[in-house]
Amino acid sequence: MKVPDAPTPSGSRDVASFKDHFSGVADAYAAARPEYPDALFDALAAVVPSDAQVWEPGCGSGQATRGLAQRFARVHASDPSAQQIERHWGRAAPPSITVAVEPGERTTLADASVQLVAVAQALHWFDRARFFAECRRVLAPGSVLAAWGYGDFLVPDGMAVAVADFRTQIEPHWPPERAQIDARYAGYDWPFPPLPAPELSLQARWTLPRFLGYLASGSASARCIEATGEDPVARHTAALAASWGDAETTRTITWPLFLHLRRKPDIRL
């Protein structure tokens with residue numbers, strides 16, 4: 001596997017201009033995120049053959065990439081952040097995964113060469129008109145575009161006030177694109193007809209320190225510190241800890257997960 005030193009010329013302008021909210025917290029983000037459930041990859045495998053070539057634009061730290069590689073023959077994982085690619089893919093990766101510094105709106109993959117485009121928690125960052133045009137180009141007839149995301153976790157029992165106070169402080173610091181996640185990508189001008197998609201969720205069993213690490217990993221927490229000089233997690237740790245209970249007690253944290261599946265018409269029929 002070779003990590004490219006620079007983006008391809010066709011994508012250099014997009015790479016240079018993209019909004020990068022994650023490189024600065026990349027290590028914390030990768031360590032703190034919950035894992036996607038097997039049920040998500042089961043849903044993809046139910047509509048895409050296992051010998052598929054997959055393109056995963058906006059791969060970031062690879063949270064979804066490895067799960068895709070376990071189900072499908074080849075994964076081309078791309079991200080516009082050279083820092084993300086180098087940090088998370090600079091060492092050996094499975095031979096079925098190739099990586100590239102490329103924007104979501106342009107890839108070096110050939111026309112009609114892909115059976116699945118899989119976008120994990122990233123579609124709201126793309127220029128959708130251009131990205132959807134690229135999906136039309138690289139997807140073979142009858143192939144699938146899948147896009148998913150998750151927003152805020154469900155508040156654990158007894159923690160409503162402490163969590164609400166924390167969220168109130170960071171709310172102004174979310175990038176505006178966050179609203180699209182909250183809306184579950186409603187209202188998008190999708191390029192292909194829909195397929196049925198299951199209701200899914202992420203779950204994690206965490207102690208209090210792990211939970212606080214998750215809160216600290218969000219881009220809104222980092223932006224809050226930059227804008228105000230105050231660490232919102234540190235400010236609210238005492239209240240969160242009091243409502244959690246014993247710090248080493250594990251609690252189940254749940255995030256509703258939405259999934260869109262769209263199949264490109266098979267023009268050969």
Side-chain angles (χ1 to χ4, degrees), residues 1-36 40-41 44 52-72 74-110 113-114 116-135 137-139 145-150 175 177-178 180-181 185 217-219 222-223 260:
M1 181 205 72
K2 184 179 185 297
V3 178
D5 297 323
T8 59
S10 63
S12 58
R13 180 175 62 84
D14 303 281
V15 169
S17 62
F18 88 103
K19 298 179 181 180
D20 188 355
H21 297 288
F22 299 102
S23 289
V25 293
D27 291 333
Y29 189 91
R33 295 294 98 178
E35 293 296 322
Y36 290 120
L40 168 63
F41 300 108
L44 301 179
Q53 159 87 358
V54 179
W55 175 32
E56 187 202 355
C59 67
S61 63
Q63 184 190 5
T65 312
R66 293 169 182 84
L68 292 167
Q70 290 174 0
R71 300 301 184 95
F72 301 106
R74 299 171 304 282
V75 178
H76 180 74
S78 64
D79 196 276
S81 170
Q83 290 176 278
Q84 287 271 32
I85 292 294
E86 178 58 34
R87 181 178 286 115
H88 300 293
W89 299 104
R91 291 191 285 271
S96 61
I97 299 174
T98 60
V99 297
V101 180
E102 295 174 342
E105 297 81 5
R106 187 66 182 169
T107 175
T108 54
L109 293 168
S113 63
V114 169
L116 172 64
V117 176
V119 191
Q121 194 82 350
L123 181 52
H124 49 292
W125 301 116
F126 298 167
D127 179 324
R128 286 193 301 283
R130 294 176 59 209
F131 171 67
F132 287 156
E134 190 71 342
C135 289
R137 183 183 72 81
V138 302
L139 279 168
L145 164 62
W148 64 89
Y150 62 95
E177 291 86 354
R178 168 76 178 201
Q180 298 174 42
I181 283 283
Y185 294 166
S217 74
S219 63
R223 286 158 62 93
H260 292 271

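Position 1 is the first residue of the sequence, and the numbers go up from there. In what follows, every heavy atom counts, from backbone to side chain, and hydrogens, waters and symmetry copies are set aside.
For the pair Glu105 and Glu134, the minimum side-chain heavy-atom distance is 4.5 Å or more. Side-chain contact check for Phe132 versus Asp127: every heavy-atom pair is 4.5 Å or farther apart. Pro57 is listed as a side-chain neighbour of Val117, based on a closest heavy-atom distance under 4.5 Å. Within the 4.5 Å cutoff, the side chain of Leu123 has heavy atoms near those of the Arg128 side chain. The closest side-chain heavy-atom distance from Tyr36 to Leu68 is not below 4.5 Å. By the 4.5 Å heavy-atom criterion applied to side chains, Arg223 and Pro175 are counted as neighbours.
In terms of the ring pair (Phe, Tyr, Trp, His ring centres under 6.0 Å) criterion, Phe72 has no residue partners (sequence neighbours excluded). Judged as a ring pair (Phe, Tyr, Trp, His ring centres under 6.0 Å), and not counting sequence neighbours, the contacts of Tyr185 are His124, Tyr188, Phe258.
Aromatic ring orientation, Trp148 versus Phe41: perpendicular (interplanar angle above 60°, classes split at 30° and 60°).
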Evaluate side-chain contact (heavy atoms from CB on, under 4.5 Å) for Arg137 paired with Arg106, printing each intermediate quantity in order. CA-CA 10 Å; Arg137 183 183 72 81; Arg106 187 66 182 169; 3.3 Å; yes
Set out, in order, the CA-CA distance, both residues' side-chain angles and the distance that settles side-chain contact (heavy atoms from CB on, under 4.5 Å) for Glu86 and Val101, then state yes or no. CA-CA 9 Å; Glu86 178 58 34; Val101 180; over 6 Å; no
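Here Glu56 contributes atom CD and Gln63 contributes atom CD; the two are 9.5 Å apart, rounded to the nearest 0.5 Å. In this structure, Ser61 OG and Arg87 CZ are separated by 10.5 Å, a value rounded to the nearest 0.5 Å. Taking CZ from Arg130 and SG from Cys135, the interatomic distance works out to 12.5 Å, rounded to the nearest 0.5 Å. Note: Leu116 CG to Arg71 CZ = 12.5 Å, rounded to the nearest 0.5 Å. Separation of atoms NE2 (His76) and OG (Ser96) is listed at 13.5 Å; rounding is to 0.5 Å.
Screening Asp79, Ile97, Val75 for a side-chain contact (heavy atoms from CB on, under 4.5 Å) involving Cys59 leaves a single residue, Asp79. Put simply, the residue from Val138, Leu139, Val119 that forms a side-chain contact (heavy atoms from CB on, under 4.5 Å) with Trp55 is Val138.
In terms of heavy-atom proximity, Gln121 sits nearest to Ile181 at OE1-CD1, 3.7 Å. Closest of all the heavy-atom pairs between Val114 and Leu109 is CG2-CD1, 3.7 Å.
Between the side chains of Thr108 and Glu102, at least one donor N or O sits under 3.5 Å from an acceptor N or O.
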